[in-house]
Structures are given as C-alpha cells and as structure tokens.
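Before any comments, here is the structure.
Chain letters run A, B, ... following the sequence lines, proteins first and then strands; every chain starts at 1.
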Amino acid sequence: MDELIREILARPEAGGEVTVRGWLRTARHAKKVSFLEVFDGSCMAGIQAVAGPECARFEDEVRGLGTGCAVEAVGELVDSPGQGQRFELHAREVRLVGGVDDDYPLQKKRHGFEFLRTIAHLRPRTNTLGAVLRVRDAASRAIDDFFHERGFVQLHSPVITLSDAEGAGDMFRVSTLDPSNPPRDDQGAVDYKQDFFEAPSYLTVSGQLEAEIGALALSRVYTFGPTFRAENSNTSRHLAEFWMVEPEVAFCEIEGLADLAEDFLKSVFRQVGEKCEDDLAFFDARIDDSVLSTLEHVIEQPFERITYTEAVEILEASGRKFEFPVSWGADLQSEHERFLTEEHFGKPLIVTGYPKGIKAFYMYCNDDDQTVAAMDVLVPRIGEIIGGSQREHRLDVLKRRIADQGLPEEEYWWYLDLRRFGSVPHAGFGLGFERLVQFMTGMANIRDVIPFPRVPGNASF
RNA sequence: UCCCCGGUAGCUCAGCUGGUAGAGCAUGCGGCUGUUAACCGCCUUGUCGUAGGUUCAAGUCCUACCCGGGGAGCCA
C-alpha cells in the first residue's frame, strides 16, 4: 500500500515521487493551474496537489474536478512556495477515481451538526467528524494500552443477558417470538419458554457483574464494549447504545480505585494528546477553546478528593441558590456537581462515601452503616464521567442489602456464590466512552462523537 | 417524560406592527499568471415542517400534530 498523507507530511524533507489517493476537500482553478486539496482521513491536514497544463488529462479532466471527487495524484513532492503548507505535490498525473453528482451535500463551508447527522454516511469526510473519529480511535487504543501495561486482562462480557441484575434502567428485549402472535401459557401470559433462550432476554446494561467474576479469578480485568439503555432520555449526554469501559480489580479497596481512576484519565489524556495533536488543536480553535487547557489540567493537576459529606458542607456554605435543595441523604444534582467541579475546585473531582440509601445494593457498606464506598469522578462541562465502587464482598451484608432493596435473592445465586467461595475485597468503575470523547474534544452533543448514534426515535444508518 | 426555543432554496440564515419570498455559499456557465473555506461576473433554485382555523389578505396570528435543538429528570 502507498503512504498515507499523514506519513508523507511527516517526512523530513521533500523530494521523490509520491502517490496520493483520497477525496477533494476543495479545488481551486486558476487560469493555468489547478490546486487540489486532497485528504485521505489519515490526519487533519490534506496535501495540495498542483496541476498545470503539463499534467496528464489537464484540460479534459482536472479542470472539472470539484469538492468530493475521489482522485489519485502522482507527482513529485516539493517544498511549497505558498503559505499554509510545508510540502505540495507537483502532479504529473491526476486520475479521477470516482466523480460526484452535482447534488453532493458537503460543501467547503461549515455545516450544522444537526444536518450532518442526517447524512451520517458522508459526515466522516468533514474535518470535525474525521477528527472525532481519530480521537475516538486513539482513546480506545490508549485505554487498552493503559490496562494491559498494568496487567489487566480484557474480558469479553456478553451483550445478551437474562436479567436486569443491576436494576439500572430499562432494557431492550431480545426475542425471536412473533410479536403479533406470541405463544401463550395456561395463564394467557407470553410463554418465554418457547423463546430462543427459553427465558425473557435483554441487551446488557452493564458488564459489571461479569467483570466481578473475571476479577475473582484473574485479579485484574476490564470490559470494553457496547451497552444498551432503553430509557427515553433526550439529552446531549445520552445514547441508547454506547460503549462502556469497566475495570474490576481484586484485592482493591476504594482508595485504590480512586487512584486507578485518576491514573487512568491522566494516562489516556496524555496518550491521546501526543497522538492527536493536530486534531485537538482543531477542536480548541473551532469547537471549544478550553480543550487544550482542559487536557493540560487533567494531565498535570492532582484531582481533588472529597467525601460526599464534605461536598454537602461545601454546597451548603456556598451561599448559592440551587434549584434543587442540598441536604445530606439526597443525591447530588447536575447543578451541584457542576458547581463543585467547575466553580469551587475548577478541576476534576473525586467524591466518595455516598449515603447507602441512594446507591446500588452491591456497594460496600462502610463501618458507619450510613454510607457506602461509592466513587464518582466529576469533570467540568460533562459532570459525572466515572462512577464506581468497592463491592460488598461479605456474604451476610450483601444478602441483607438485597433483602432491604426488595430484590429477588434467587436471581443473584451465582453473584452470592462468589462471596461463599474465596471472596476478597474488590472494586471497579464504569466509564461512558462517548462522554470521555466528548470531554476530550469539547463536542457539545454526544451524538456527534459516535459514528452511528442510536437515540429514542432514531436508529438510521 | 417535563420545560423553553426553533422548522423559509441543496447548505447557513434574514424576512419588523399580517399585504402574494430574499442574501451568502453550493451547483452550472464565463473570467482570473500560485491559490489557501481563493477571488470576480452571470444564471438557476422554494407545496415558507404537516393539517386545520381566523382574515379581503397568513412565512408572519391561533390550535393540533410531526421533527430538531437547549435545559431538566434518569444515568454512563
């Protein structure tokens, strides 16, 4: 395969023949020379192919090229006499590989993101979406690298599950039964015994419980895969299908988990910052001018750590009028989280020790019997980006909490078994991958940081 | 799901207190001795989201619905 534009632009010096294949971002035709801005998606920058009358098919083909055309250009790589680029390609030959009809919807001018979502098959060719997808890829790689460097094993958790074990939100049903005429049992209820899995089945809302199985055998595991929520959430921070990262660590308590979360974010930001310098500079210039300073903040500054109780005290002492009142025992609202991370501390913040009444049954109950070893990482602009906890590993306490919350103990038989057979303290967290990409790029809407967003009422493409 | 805002040309938008629709860009054509989201000239483009209603007259006012955006809840 030929060099990508990214590789050509990284050459130490000009010289030699190169071949560039890609799409035209724009074509500028002057009297005797055409400037073709070719990009191939390998980096933010394109390469300028310069074609004059000596170029093959100049009059009959090159002069008619326009935005969107797929081309192959062959010629010499030379130092550019013009401003704005180091090298350019003096084309000996330009070949039209694929033309465009004149209703090609992408212009060189800026489009609204709303419109671009309606042409999701073409939007990766825009500067912004191209940069998003490269940053997304770099972040994905950085996550895998981070965990593997620390001895984690990636666990492939199932996408289809039988029960809503965590109690986290509405689930999508998976079935092969005929929806218009399902088989019925004696009571007239739908007979899932005849369904594919012989039981009601759903798309996963979390790989956490499976990750706990992995951690209690392999010590350190993480899952990284698609997750589904059938909730009618219409916000710029929610998707019905999103990717979640869930590490789970044996012999780890809440402080160790907070350390892991902080190291994790710092490491991923550092690696993406190194790999995607141009893309992040683009986001800083065109999308949100706090992108680069945020990157630096996350990497350089230690995260603030406070308890839920301290958070409530700070909020109460702030003198700020909140829409939702602050009181010990109530969950922190978005406005509270944003005040703390954006205004009070001005940097990422780790909050631990939430009241047990507002958190899930599997979280480790602290000695005060009032709070659990839960942990949220809050960041400016996004709010909660990571949520996690030390897990309750004591069988008797876990059974009591399941009973307290009115959950059916028999459905958690294997989860309880893990507490009967060599139980150890363990902890883990979940990170919404798209929220991380949003945080890194400054993109306002989560639908623009995933190639094919699924939201209520829309799963096009 | 709730609250607020919006839907006008392919795109981005303007259109005041109702008087039969406009600009830039894109497309097409022509020009320009190297351009940088090039520039200059000419041309084309509309069931003004949908359905009703008020009025001599509705893009403009009213009602309902659909779609989108922002915020909230839920959460990741």
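- A donor-acceptor pair under 3.5 Å is formed between the side chain of A:Arg150 and the backbone N or O of A:Phe146.
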Protein-proximity profile, nucleotides 9-14 of chain B, B/S/- by nucleotide at the 4.0 Å heavy-atom cutoff, equals -BBS--
Kindly determine whether A:Leu378 and A:Phe345 satisfy side chain to side chain contact (heavy atoms under 4.5 Å, CB included), including the steps that lead there. CA-CA 11 Å; A:Leu378 310 179; A:Phe345 291 109; over 6 Å; no
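- Closest to the A:Arg117 side chain, of the nucleotides B:rC32, B:rG69, B:rG34, is B:rG69.
- At B:rU36, none of the side-chain N or O atoms of A:Gln48 fall inside 4.0 Å of OP1 or OP2 (strictly under the cut-off).
- A distance of 11.0 Å separates CG of A:Leu77 from OG1 of A:Thr19, quoted to the nearest 0.5 Å.
- The ring pair (Phe, Tyr, Trp, His ring centres under 6.0 Å) search around A:His238 returns none, not counting sequence neighbours.
- You'll find a donor-acceptor pair under 3.5 Å spanning the side chain of A:Glu88 and the base of B:rG34, going by distance alone.
- Between A:Phe228 and A:Phe242, the distance separating the two ring centers is not shorter than 6.0 angstrom.
- Counting only residues at least two apart or on different chains, the salt bridge (Lys or Arg N to Asp or Glu O under 4.0 Å) pairs with a member in residues 30-42 of chain A are A:Arg28-A:Glu37.
- Checking B:rA72, B:rU1, B:rC32 against the side-chain heavy atoms of A:Lys31 singles out B:rC32 as nearest.
- OP1 or OP2 of B:rG70 sits under 4.0 Å from a side-chain N or O of A:Asn445.
- Applying the side chain to side chain contact (heavy atoms under 4.5 Å, CB included) rule to A:Phe461 yields the partners A:Ala120, A:His121, A:Phe452; only residues at least two apart in sequence or on another chain are considered.
- Evaluation of the side chain to side chain donor-acceptor pair (under 3.5 Å) test over residues 57-78 of chain A, restricted to residues two or more places apart or in two chains, returns A:Arg21-A:Glu72, A:Ser34-A:Arg63, A:Arg57-A:Glu93.
- Consecutive pairing runs in RNA chain B reach the stem threshold at B:1-7 with B:66-72, B:10-13 with B:22-25, B:28-31 with B:39-42, B:49-53 with B:61-65, where a stem means at least three Watson-Crick or G-U wobble pairs with distances under 3.5 Å.
- Take A:Ser389 and apply the side chain to side chain donor-acceptor pair (under 3.5 Å) test, not counting sequence neighbours, and it matches A:Arg391.
- Checking B:rC75, B:rG34, B:rU36 against the side-chain heavy atoms of A:Arg229 singles out B:rC75 as nearest.
- Geometrically, A:Arg25 engages A:Phe39 in a cation-pi contact defined by less than 6.0 Å to the ring centre and at most 45° from the axis.
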Criterion side-chain hydrogen bond (donor to acceptor under 3.5 Å, both in side chains) on A:Glu88 and A:Ser80, from CA distance to verdict: CA-CA 5 Å; A:Glu88 63 185 30; A:Ser80 177; 3.0 Å; yes
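- The salt bridge (Lys or Arg N to Asp or Glu O under 4.0 Å) pairs that include a residue from residues 348-364 of chain A are A:Lys356-A:Asp369, A:Lys359-A:Asp376, where partners are two or more places apart or lie in different chains.
- OP1 or OP2 of B:rA72 lies within a sub-4.0 Å distance of a side-chain N or O belonging to A:Arg237.
- Here salt bridge (Lys or Arg N to Asp or Glu O under 4.0 Å) pairs that include residues 135-145 of chain A, with residues two or more places apart or in two chains, are A:Arg136-A:Glu434.
- Taking 3.5 Å as the limit, the base of B:rC75 and the side chain of A:Ser233 contain no donor-acceptor pair of atoms between them.
- Looking at residues 321-332 of chain A, you'll see A:Phe324 sit with a heavy atom under 4.0 Å from some atom of RNA chain B.
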Nucleotide N/O of nucleotides 39-42 of chain B paired with protein N/O under 3.5 Å:
none

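- Closest to the side chain of A:Arg28, out of B:rU35, B:rC32, B:rG70, is B:rU35.
- Not counting sequence neighbours, A:Phe172 has no partner by the ring pair (Phe, Tyr, Trp, His ring centres under 6.0 Å) test.
- Picking from B:rG34, B:rG68, B:rC74 the nucleotide with the shortest atom distance to the side chain of A:Gln333 gives B:rC74.
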